**Q** 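Following this message is one structure expressed as structure tokens.
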Protein chains: 2
Amino acid sequence: MKTILSGVGVIDKSMLILAALEQGPLSLTQLVEQTDLNRATTHRLALALDQHGLLRRVDTTRFALGFRLWILGQAVPGAASLATRVQPHLDRLRDRTGESAQLYVRDGNERVCLATAESEQSLRTIVPVGTRLTLERGSAGAIFMQDNPSSGWVASVAERESGVASVSSAVLDQNGETLAVVSVSGPIERLSTDPGALHGQAVADIAIVIAASVS
Amino acid sequence: MKTILSGVGVIDKSMLILAALEQGPLSLTQLVEQTDLNRATTHRLALALDQHGLLRRVDTTRFALGFRLWILGQAVPGAASLATRVQPHLDRLRDRTGESAQLYVRDGNERVCLATAESEQSLRTIVPVGTRLTLERGSAGAIFMQDNPSSGWVASVAERESGVASVSSAVLDQNGETLAVVSVSGPIERLSTDPGALHGQAVADIAIVIAASVS
DNA sequence: GTCTTGCGTCTCACATTATGAGACGCTAAT
DNA sequence: ATTAGCGTCTCATAATGTGAGACGCAAGAC
């Protein structure tokens with residue numbers, strides 16, 4: 001993930017620390033290595049984050065993400081319920097198209113899979129919940145990069161991964177901004193080099209239904 | 001919630017902002033009112049948190065917690081799985097005692113309910129998941145306040161709420177520190193003024209089982 | 001139509017904080 | 001006994017974050 005410079009150095013550094021710990025508990029020295037921050041600074045910020053519950057000490061020498069993040073995460077408007085309410089629609093899209101379907105939200109310069117319905121065919125794309133992908137490739141990335149999103153669709157062929165094609169559509173919020181992106185993906189063998197012709201309308205239809213159901 | 005002073009002012013202020021937004025989206029002016037921070041400072045920190053995904057703008061004038069918190073929350077070691085693994089044990093404790101059972105984790109100067117099994121009796125205590133309670137009252141709070149926790153139990157009668165009694169026991173991690181607290185609570189009519197005699201052993205037994213199952 | 005109020009946003013001089021070099025104590029390895 | 005590497009802490013200083021106040025905009029009052 002690219003380093004974000006927000007203009008508030010302490011927040012930038014703190015986020016580096018939290019991001020480093022996403023992979024699992026780390027010692028102070030490992031944190032320093034992964035964040036490239038000064039050791040005293042890392043120590044001081046880690047203690048402060050610990051006091052706020054964003055970090056906690058495990059087995060006396062390592063830091064891990066703290067429960068406060070889980071609690072704040074539960075309070076994010078729509079995050080958990082977005083995943084829950086969207087699931088039946090992704091299931092329906094998977095059934096209608098025969099391909100794997102996913103929902104992505106934007107997270108800085110990446111997109112993250114929030115919910116998924118896997119195709120039952122033996123050859124299929126698998127994108128686990130929590131997977132983070134670039135915005136720079138793939139039809140879902142292209143949707144997030146649009147300045148003025150519409151309720152059309154975008155297709156891509158072999159952009160993110162060779163042999164894979166996908167179609168995506170924006171889930172717009174009430175202000176016409178992209179809240180999430182719904183996608184269908186699978187092998188080029190089935191989706192062809194024109195996946196939009198096959199499934200674009202189905203994806204766009206489901207995106208509108210999802211938008212309505214999460215309002 | 002008491003204001004925490006960690007020694008890093010920007011982190012302290014940022015956490016005030018995130019905590020204020022836990023209740024739902026707020027305008028800048030509302031944020032300023034609830035955090036008692038300077039408006040320019042609040043604005044600047046809110047923009048920085050937005051860039052990191054911890055906040056997001058909703059309907060052009062309000063801030064809300066951002067998806068990055070949900071994602072980081074999913075990465076907290078054990079948080080979601082703690083709730084999941086603990087559930088059958090809370091159900092068993094509820095069945096064995098006939099009273100509502102809860103699991104709490106510490107969050108700064110409060111405790112938060114992570115999982116619950118409600119009694120089926122018509123008179124029962126209800127503590128929804130996510131509920132935040134003080135450490136200063138109740139048997140679970142007393143456990144969190146202990147300096148050197150053991151695998152005994154603590155009972156309280158009409159401390160947090162009149163008419164309610166409870167028994168709690170610490171779930172200890174491998175370092176002998178309190179990872180969580182398991183509790184049983186209900187009306188004094190059933191639990192008597194000596195709830196520990198009735199259910200203390202059952203709660204302590206389950207706490208040990210839970211500790212083993214989340215290692 | 002004009003004026004006022006309150007909002008979000010931005011600037012920048014300055015006060016205050018955060019930084020990080022280096023010291024310290026501890027433990028494990030040699 | 002010595003060395004290396006860890007976590008922790010201090011404090012002089014540099015750099016950042018603060019916040020008063022200006023600005024533009026929109027809505028409400030008159």
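Since the structure is predicted, the reported quantities are computational estimates derived from the model, not experimental observations. Proteins get letters first, then strands, A, B, ... in listed order; numbering begins at 1 in each.
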**Q** Who are the salt bridge (charged side-chain N to carboxylate O under 4.0 Å, His left out) partners of A:D12, not counting sequence neighbours?
**A** none
**Q** State which residues pass side-chain contact (heavy atoms from CB on, under 4.5 Å) with A:I208; sequence neighbours excluded, sorted by chain then number.
**A** A:S151
**Q** Report yes if a side-chain nitrogen or oxygen of A:T29 is closer than 4.0 Å to either non-bridging phosphate oxygen (OP1 or OP2) of D:dG7; otherwise report no.
**A** yes
**Q** Looking at D:dC9, C:dT9, D:dC6, which one has an atom nearest to any side-chain atom of B:L28?
**A** C:dT9
**Q** Under the side-chain contact (heavy atoms from CB on, under 4.5 Å) test, which residues partner B:S156, sequence neighbours left out?
**A** B:S139, B:E159, B:S166
**Q** State, yes or no, whether a side-chain contact exists between A:T97 and A:L198 at a heavy-atom distance under 4.5 Å.
**A** no
**Q** Both B:T41 and A:S27 contact DNA chain D. Taking the nearest nucleotide for each, which residue is further toward the 5' end?
**A** A:S27
**Q** How close do A:A48 and B:I11 get, counting heavy atoms only, and between which atoms?
**A** CB-CD1, 3.9 Å
**Q** Does A:R57 have a side-chain nitrogen or oxygen under 4.0 Å from the phosphate oxygens OP1 or OP2 of D:dT8?
**A** yes
**Q** For nucleotides 13-15 of chain D, print each protein N/O atom paired with a nucleotide N/O atom at under 3.5 Å, atom names and distance only.
**A**
none

**Q** Could you check if a side-chain atom of B:E22 sits within less than 4.5 angstrom of a side-chain atom of A:L72, using non-hydrogen atoms only?
**A** yes
**Q** A:A140: which residues meet the side-chain contact (heavy atoms from CB on, under 4.5 Å) condition with it, sequence neighbours left out?
**A** A:Y104, A:R111, A:S168, A:V181, A:S183
**Q** Which angle, rounded to 10°, do you find between the first-five-pair axis and the last-five-pair axis of the helix from C:dG1-D:dC30 to C:dT30-D:dA1?
**A** 30°
**Q** I'd like to check the side-chain contact (heavy atoms from CB on, under 4.5 Å) partners of B:T134; sequence neighbours left out, ordered by chain and number.
**A** B:E136, B:R137
**Q** Is the Lys NZ or Arg CZ of A:R56 less than 6.0 Å from the centre of A:F63's six-membered ring, within 45° of the axis?
**A** no
**Q** How would you list all residue pairs meeting side chain to side chain donor-acceptor pair (under 3.5 Å) that involve residues 32-46 of chain A, not counting sequence neighbours?
**A** A:Q23-A:Q34
**Q** Cut-off 3.5 Å, side chains only: do A:S185 and A:E99 have a donor facing an acceptor?
**A** no
**Q** Using the salt bridge (charged side-chain N to carboxylate O under 4.0 Å, His left out) criterion, which residues pair with B:R94? Sequence neighbours excluded.
**A** B:D91
**Q** Let me know the distance between CG of B:L45 and P of C:dA18, rounded to the nearest Å.
**A** 11 Å
**Q** Spell out protein contact along nucleotides 21-30 of chain C as letters: B when the base is contacted, S when just the sugar-phosphate is, - when no protein heavy atom is under 4.0 Å; keep the 5' to 3' order.
**A** B-B-------
**Q** Between B:R44 and A:E33, which residue's closest nucleotide on DNA chain D lies nearer the 5′ terminus?
**A** A:E33
**Q** Taking only the side-chain nitrogens and oxygens of B:H43, find out if one of them lies under 4.0 Å from OP1 or OP2 of C:dT9.
**A** yes
**Q** Are B:L135 and B:R106 close enough that some pair of their side-chain heavy atoms sits under 4.5 Å apart?
**A** yes
**Q** Tell me the interatomic distance from B:I17, atom CD1, to D:dT18, atom C1', rounded to whole angstroms.
**A** 13 Å
**Q** Does A:R62 have any salt bridge (charged side-chain N to carboxylate O under 4.0 Å, His left out) partners at least two apart in sequence or in another chain, and if so, which?
**A** A:D59
**Q** Heavy-atom contacts under 4.0 Å between residues 5-14 of chain B and DNA chain C, which residues?
**A** B:G7, B:V8, B:G9, B:V10
**Q** What's the CG-C1' distance between A:L47 and D:dC9, to the nearest Å?
**A** 10 Å
